[in-house]
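Residue numbers start from 1 in every chain, and the chains themselves are labelled A, B, ... in the order their sequence lines are given, proteins ahead of strands. These figures come from a predicted structure and were not determined experimentally.
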2 protein chains.
Amino acid sequence: MPQNIEDIAKAAGVSRSTVSRVLNGEQYVSAATRERVMAIIEREGYTPNPAARALVTQRTQSVGVMIPHDLATVFDNPWYFPTLLQGVSDRTTQRGYAMLLWMGRSETEEDLIYRRITNNRLMDGMLVASATGDNPLVAHLLESGMPLVTVERPAAHADRISYVTLDNIEGARTATAHLIAQGRRRVGIITGALDNMDGLDRLVGYKKALADAGLPVQSDYVYTGNWDRPTGYLGAKALFERGADAIFASNDIMALGVLDAAAEVGLRIPHDVALVGFDDLPVTAEVGLTTIRQPLRQKGAAAIDLLLDLIEGRARGPQQIFLPTQLVIRQTCGAQPN
Amino acid sequence: MPQNIEDIAKAAGVSRSTVSRVLNGEQYVSAATRERVMAIIEREGYTPNPAARALVTQRTQSVGVMIPHDLATVFDNPWYFPTLLQGVSDRTTQRGYAMLLWMGRSETEEDLIYRRITNNRLMDGMLVASATGDNPLVAHLLESGMPLVTVERPAAHADRISYVTLDNIEGARTATAHLIAQGRRRVGIITGALDNMDGLDRLVGYKKALADAGLPVQSDYVYTGNWDRPTGYLGAKALFERGADAIFASNDIMALGVLDAAAEVGLRIPHDVALVGFDDLPVTAEVGLTTIRQPLRQKGAAAIDLLLDLIEGRARGPQQIFLPTQLVIRQTCGAQPN
DNA sequence: GTAGGGGCTGGGAGCGTTCCCAGATACCAC
DNA sequence: GTGGTATCTGGGAACGCTCCCAGCCCCTAC
């Protein structure tokens, strides 16, 4: 059934233009006509051809999303990507857009993907998740003038790019302050990788909490980790030796490593050492880990909201959004959950 | 820079048609002309407008993918969705297509998504992952005549739909036969939910292995589970009582439940009871579970290959593909890994 | 009565491609 | 020389929309 707007017009006894006006909810159509046209559209199950529409409006009503390879398949935190994407997808659908997804393959083939993305002009804007380092795609898109939002703060051009990220500093400050509030005074930190804003900001938050409490930052209480369980384990061993009575692990995975080390050495948590993590992975509820929850789904939704606002001209970039985190009190910090 | 094919034609001193022929790699263009046009295209960084192309060719070079809500966020097996999607994405990009992704939200709003999908004609075909029950979207698409492939065998219209799934029967048969080969004679099964082809087929494979070995199927060795850890635990308790010396758990999650039960009751695995699971979740390597590995990434790639072949007319549907599984021998079966 | 303006409608033009057909040229066989 | 065929090229038409402009009608104000 080769249905086009002209067929509908004929069936309704009106012109192409009128049907178009009804379709797009424009004014200057009499109520009677509008109703009649709507009825025909409904009856025929007609939907306008999006390609034709895109050709003239220069808008496709869809957005592109790029997920780097390591994010999608990372073993440690398999929840991250689906949950984020769910938030993205929900909001995209809600606001009447479709989502084009690219997932990075091997790094060597990322170039191909980048070219595909920039050549495919079937999208009105682009969301890039966790662009690490000096991502060439981000640079490209930035230059092309296409509306662009990244999830997490990009390493380069951060002031010229719109992004959505966590308030990492405040989250880490809260975690550390909570440990101090439990009476701990020798609070150590196992940082994430420090080539990365998340890692750096969480360290800043830690230091801030100490400063707020009038405690000095002791360099031997700062252990540089790498987000993974082994560095959590090693960091804990080191901090135990140096007499720490509390540890803020910059993510939950490393916090699990801390638990490993404590079990091995025979230290009791939270009695001997209190512990707070970061991320609120599902698995941490099982082990009673006190942690900082990040609103993953909202992060995706907020990023899409920003991108669509940029596309629709409701917002002007660059714009940065820092989402609040939440302290989730369980057993490892030694506080009574209230 | 409003670049269109006409601009390129003018710059190269040829006609629109010739540029189009070069762009599409058609014959009947002299080598000299082709080279000259290519050079201009390269220099100007020109790429044809996909909307205009789609308008006339009725092809968008993109495919839609629908992931139901519960699959994306399912707690038990968070690897499933990203890994499958990675396979889908890889192959899609490789073959020069883009991917439109929809993720189911709450079931109540699935209707909205379905309408969005069927209205959005910006795709040449549709991949539906794990359509459970009598999925209305599948029925819709089937009726619309749009090329359609599902991952996993659909519950309804299975003979009219192209799909890619595991060879569940053979996988389960292999698992069970392996237990028998270890000298076990009282082999029980904890099935998955039996409203579902995966669950049913794995039971069939189990029975087949018994028959092959000349062993009777005893109904009290068949425990109907529900894919989750608690039913694995309960099933194991029941089978232990009935004297089973081996258990085939229809998925790894339930196998973990079996380990829970064994630890509680004080049975040694594999000494007292041998155990084989199904899926090869990453976590199972840690606990030494012998299991059946399913090629998740290949599943996604195979589904896309089938879909694109259908779209491009290289294949004729409906077509069913059963992917082979692989026995991964670890500790819980009692065999020596070789 | 006439001018002016707002509500409503219709149709031409154009978006950037591909497809089809016509035409030009060159070559070959008879 | 002629007819036939293969190679190469150009331009009209069409894909299905939106946008713009013109025109109609009716109401109101002067």
Side-chain angles (χ1 to χ4, degrees), chain A residues 1-41 44-62 96 98 119-124 312-313, chain B residues 1-38 40-41 44-62 96 98 119-124 311-313:
Chain A
M1 36 162 181
Q3 273 203 326
N4 60 29
I5 199 172
E6 205 92 39
D7 296 333
I8 300 297
K10 210 171 296 169
V14 296
S15 77
R16 206 169 7 105
S17 305
T18 301
V19 178
S20 176
R21 276 186 276 261
V22 170
L23 241 24
N24 295 294
E26 285 169 27
Q27 53 174 355
Y28 297 142
V29 180
S30 73
T33 310
R34 169 165 276 131
E35 221 163 297
R36 188 151 37 93
V37 172
M38 292 268 254
I40 304 277
I41 289 174
E44 302 290 321
Y46 165 78
T47 58
N49 182 317
R53 204 172 233 185
L55 181 57
V56 43
T57 59
Q58 310 278 35
R59 287 289 224 60
T60 60
Q61 293 289 107
S62 52
N119 288 357
N120 184 313
R121 313 212 299 275
L122 234 36
M123 56 212 170
D124 300 333
E312 293 172 358
Chain B
M1 38 168 179
Q3 274 203 327
N4 60 25
I5 199 171
E6 206 91 40
D7 297 333
I8 301 296
K10 209 171 295 171
V14 296
S15 77
R16 204 168 10 105
S17 303
T18 300
V19 178
S20 177
R21 277 186 276 263
V22 171
L23 240 24
N24 295 294
E26 286 169 24
Q27 53 175 353
Y28 297 142
V29 179
S30 73
T33 309
R34 169 165 275 129
E35 220 163 300
R36 187 153 37 91
V37 172
M38 293 269 254
I40 303 278
I41 289 174
E44 302 290 321
Y46 165 77
T47 57
N49 182 316
R53 206 172 231 183
L55 181 57
V56 45
T57 60
Q58 310 278 35
R59 288 288 225 59
T60 60
Q61 293 289 109
S62 52
N119 289 357
N120 184 314
R121 313 213 301 276
L122 234 37
M123 57 213 170
D124 299 333
I311 290 173
E312 294 171 358

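For Gln58(A) and dG14(C), the CD to C1' distance is 11 Å, given to the nearest whole Å. dT17(C) atom P lies 18 Å from atom CZ of Arg59(B), rounded to whole Å. In this structure, Arg16(B) atom CZ and dC21(C) atom P are separated by 16 Å, rounded to whole Å. We find that CD1 of Ile5(A) is positioned 5 Å from P of dT18(D), with the value rounded to whole Å. Distance, Glu26(B) CD to dT18(C) P: 8 Å, rounded to whole Å. Rounded to an integer number of Å, the gap from CG of Leu23(B) to C1' of dT17(C) is 10 Å. Rounded to whole Å, the distance from CG on Leu55(A) to C1' on dG16(C) is 5 Å. The distance from atom CG of Asn49(A) to atom P of dA14(D) is 17 Å, rounded to the nearest whole Å.
Between Ser30(B) and dT9(D) there is a side-chain polar atom (N or O) within less than 4.0 angstrom of OP1 or OP2. Remark: Ser17(A) is not in phosphate contact with dT18(D), judged by side-chain N or O atoms under 4.0 Å from OP1 or OP2. The shortest distance between the side-chain N/O atoms of Tyr46(A) and the OP1/OP2 oxygens of dC17(D) is below 4.0 Å. Look at Ser20(A) and you won't find any side-chain N or O under 4.0 angstrom from OP1 or OP2 of dC19(D). The phosphate of dC21(D) has neither OP1 nor OP2 within less than 4.0 Å of any side-chain N or O from Tyr28(A). The side chain of Asn24(A) contributes an N or O atom lying less than 4.0 Å from OP1 or OP2 of dT18(D). OP1 or OP2 of dG10(C) has at least one side-chain nitrogen or oxygen of Thr18(A) nearer than 4.0 Å.
A donor N or O paired with an acceptor N or O is not found under 3.5 Å between the base of dG11(C) and the side-chain atoms of Ser15(A). At a cut-off of 3.5 angstrom, the base of dG16(D) holds no donor-acceptor pair with the side chain of Arg121(B).
Residue Thr57(B) is classed as a sugar-phosphate contact, given heavy-atom separations below 4.0 Å to backbone atoms only.
Ranking dC17(D), dT17(C), dG10(D) by closeness to the Asn4(B) side chain, first place goes to dT17(C). Considering only the side chain of Val56(A), dG14(C) comes nearest among dG16(C), dG14(C), dG10(D).
Enclosure of atom CD in Glu35(A) is not indicated, since only 12 or fewer non-hydrogen atoms of other residues, nucleotides or ligands lie within 6.0 angstrom.
Heavy atoms only, all atoms of each residue included: Gln58(B) and Asp124(B) are closest at O-OD1, 4.2 Å. Nearest heavy-atom pair across Arg21(B) and Gln27(B) is CD-O, 4.0 Å.
When only modelled atom types and interatomic distance are considered, Ser20(B) and Ser17(B) share no side-chain donor-acceptor pair under 3.5 Å.
With respect to Ile8(B), the side chain to side chain contact (heavy atoms under 4.5 Å, CB included) criterion is satisfied by exactly one of Ile41(B), Thr18(B), Val22(B): Ile41(B).
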